[in-house]
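Okay, so here's the structure we're looking at.
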Amino acid sequence: MAMKIGDKPFNDRVSSGIADSFMRGAVSSAQGRFRSGRLNAAEELGNWEEWRKLGEEIRSHTIENLDYYLEQLSENVAKRGGHVFFAETAEEANEYITEVVRKKEGKKVVKSKSMVTEEINMNEALEKAGCDVIETDLGEWILQVDDHDPPSHIVTPALHKNKEQIRDVFKNKMGYDKTEKPEELALFAREKLREEFLQADIGITGCNFAIAESGTISLVTNEGNARMVTTVPKTQITVMGMERIVPTWEEMEVLVSLLTRAAVGQKLTSYITALTGPKQEDDVDGPEEFHLVIVDNGRSKILGTAFQSILHCIRCAACINVCPVYRHVGGHSYGSIYPGPVGAVLSPLLGGYEEYKELPYASTLCAACTEACPVKIPLHEHLLKHRQEIVEREGKAPVFENLSMKAFSMGTASPAMYNIGSKLAPASLAAFTKDGSISKGPGPLKNWTDIREFPAPKKERFRDWYKKRSKEGGK
């Protein structure tokens, strides 16, 4: 599975995340900053709920008419001299990209941050073809230098590392000999990456929003690396998920306003870049050849289902920044390059329940994610729907859970059975009870009681107490 990261079982990944005190502290701190920034930016903008409603309407309309807008986009890219390829699978996308690089005799590829290229595992495909692929987003580059450590956050991929760890990565891998000061680390990265830009044959980007009416690709960045990727190399390839599209510039402006505020609390990011095909005669710079690869990879199967609105996602990570589960387990625990609530919904749809059946249960269902989403995706409802699908249609609930639920159903369906069960409960749990609480519970209670106590059932049941009280005249 291309978007899968790591081979450890889910519970092992979660345990590792919980045991990583630095990561938990870094995530908690970042979540606090991002959440405060989002709330302040929303308040300053005013009418935030009206903006969210407009964002939801734009995304809903676009996805419901996706075939029309994709065709319009393709035609307009072609009119400007670009090449468009629709890839049904990750394999098809990688084959096309690899063939373009091969024809151009490309040896060095520089790329800006892109979740969809992570999803299809494009870097590995190009490296197998003999290419040197360089990530130019600072966070992604740090992770690449550090033995291809996978990203843990959609917007800030190296969130799980501090400046001392980054210094050590540079020192051990690239001979860095200065301090952990951010300015010195950034200068070192800038000098190294500038060399890569100047030597690159091919530039590859993702896509925040493609504008159907003009055939334009827009990129939202903070570092300016995407502009280097799209202007220095002679050939540019943009890879986009098929849903990352808007009808016109007007809708793009609305969604960018929502994206930047929801992601990190900014009115605008440092760079919003719009690229329309290869360089024209009167253009000063830009690529001589442009390819747009539009990736399906399971997205079309989501259309028309109860989960369709997950395709509205604009990848702002606002849901991740408020999620209490993500705060404690970190991004790598999800086993997918899409972490947090959005990953818990999207990963099972793209990768299947066999790989990701645990993710919909990695939620408190507090609905903070739904409240934070700038385009009003009902994320917690999707998680509940996944749970229903896993149990009722897929039959993938654990055996013990199935037996427990059947026993509970039998015990509560009959007053006589419920009466017997409630009488037996204190005695059956007596071995696990101490001072009125269960601290080492059996079966489904184990994970709960490993970290907190569970109140033990009382020997005197409520119905017995009530009956006794009634006989005594309510005194």
Side-chain angles (χ1 to χ4, degrees), residues 1-4 8-14 56 59-60 63-64 89 119 243 296-313 319-320 323-326 329 333-371 373 375-418 421-422 425 441-448 454:
M1 177 57 57
M3 66 183 182
K4 182 179 179 181
K8 291 182 179 179
F10 176 72
N11 288 336
D12 290 348
R13 299 196 304 266
V14 169
E56 178 189 29
R59 295 304 290 144
S60 179
I63 299 303
E64 287 172 2
T89 65
E119 176 189 323
E243 79 282 12
D296 182 337
N297 202 34
R299 288 162 172 77
S300 60
K301 294 179 181 178
I302 303 173
L303 293 171
T305 71
F307 298 103
Q308 178 169 301
S309 64
I310 192 60
L311 296 177
H312 297 179
C313 178
C319 61
I320 297 174
C323 180
V325 174
Y326 179 91
V329 304
S333 296
Y334 292 83
S336 166
I337 56 101
Y338 296 117
V342 63
V345 175
L346 186 60
S347 297
L349 295 171
L350 298 181
Y353 289 127
E354 196 64 40
E355 289 286 355
Y356 298 111
K357 64 180 181 296
E358 296 94 351
L359 296 193
Y361 295 91
S363 170
T364 64
L365 297 179
C366 64
C369 52
T370 298
E371 181 184 359
C373 178
V375 291
K376 303 186 71 172
I377 301 171
L379 289 160
H380 73 291
E381 294 179 12
H382 285 329
L383 292 171
L384 276 172
K385 182 63 177 175
H386 267 314
R387 296 183 186 189
Q388 180 184 356
E389 294 280 318
I390 288 167
V391 174
E392 295 182 1
R393 295 185 59 180
E394 299 291 324
K396 294 187 182 298
V399 174
F400 187 86
E401 181 180 315
N402 274 328
L403 294 175
S404 298
M405 290 300 103
K406 287 179 180 178
F408 181 79
S409 177
M410 291 173 60
T412 56
S414 163
M417 290 293 291
Y418 181 81
S422 60
L445 290 179
K446 184 180 185 304
N447 287 341
W448 176 281
F454 191 84

Point-to-point distance, once rounded to the nearest 0.5 Å, from [atom1] of [X] to [atom2] of [Y]:
{"X": "S347", "Y": "K4", "atom1": "OG", "atom2": "NZ", "result": "12.0 Å"}
{"X": "I390", "Y": "K357", "atom1": "CD1", "atom2": "NZ", "result": "8.5 Å"}
{"X": "L346", "Y": "F307", "atom1": "CG", "atom2": "CZ", "result": "11.0 Å"}
{"X": "S309", "Y": "K376", "atom1": "OG", "atom2": "NZ", "result": "12.0 Å"}
{"X": "C373", "Y": "I310", "atom1": "SG", "atom2": "CD1", "result": "8.0 Å"}
{"X": "L350", "Y": "M3", "atom1": "CG", "atom2": "CE", "result": "4.5 Å"}

Note to self: Show every side chain to side chain donor-acceptor pair (under 3.5 Å) that has at least one partner inside residues 362-371, sequence neighbours left out.
What the structure shows: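 Pairs touching residues 362-371 that pass the test: T370-H380.
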
Return the minimal non-hydrogen interatomic distance between [X] and [Y], and the atom names on each side.
{"X": "G340", "Y": "I320", "result": "CA-CG1, 3.9 Å"}
{"X": "Y356", "Y": "S336", "result": "CE2-CB, 3.8 Å"}
{"X": "L311", "Y": "E243", "result": "O-CG, 3.3 Å"}
{"X": "L379", "Y": "C369", "result": "CB-SG, 3.6 Å"}
{"X": "L383", "Y": "A344", "result": "CD2-CB, 3.6 Å"}
{"X": "H312", "Y": "V375", "result": "O-CG2, 3.7 Å"}

Note to self: Run the side chain to side chain contact (heavy atoms under 4.5 Å, CB included) test on T305 and K385 for me, step by step, so that the C-alpha distance in whole Å, both residues' side-chain angles and the decisive distance to 0.1 Å come before the verdict.
What the structure shows: CA-CA 11 Å; T305 71; K385 182 63 177 175; over 6 Å; no

Check: Considering residues at least two apart in sequence or located in another chain, which fulfil the side chain to side chain contact (heavy atoms under 4.5 Å, CB included) criterion with E381?
Finding: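 Once residues adjacent in sequence are excluded, the partners of E381 under the side chain to side chain contact (heavy atoms under 4.5 Å, CB included) criterion are P378.
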
Residues in salt bridge (charged side-chain N to carboxylate O under 4.0 Å, His left out) with [X], at least two apart?
{"X": "K301", "value": "none"}
{"X": "E392", "value": "none"}
{"X": "R13", "value": "none"}

Item checked: Validation row: V345, Y338 side chains within 4.5 angstrom (heavy atoms) ->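 Side chain of V345 against side chain of Y338, heavy atoms only: no contact under 4.5 Å found.
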
Item checked: F10 vs V329, side chain to side chain contact (heavy atoms under 4.5 Å, CB included): CA-CA, chis, key distance, verdict -> CA-CA 11 Å; F10 176 72; V329 304; over 6 Å; no

Notebook entry, point to check: Under the ring-ring contact (aromatic ring centres under 6.0 Å, His included) test, which residues partner Y353, sequence neighbours left out?
Noted result: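 For Y353 the ring-ring contact (aromatic ring centres under 6.0 Å, His included) partners, ignoring immediate neighbours, are H386.
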
Notebook entry, point to check: For the side chain of Q308 and the backbone of G304, is there at least one donor-acceptor N/O pair under 3.5 Å apart?
Noted result: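 A pair under 3.5 Å: yes.
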
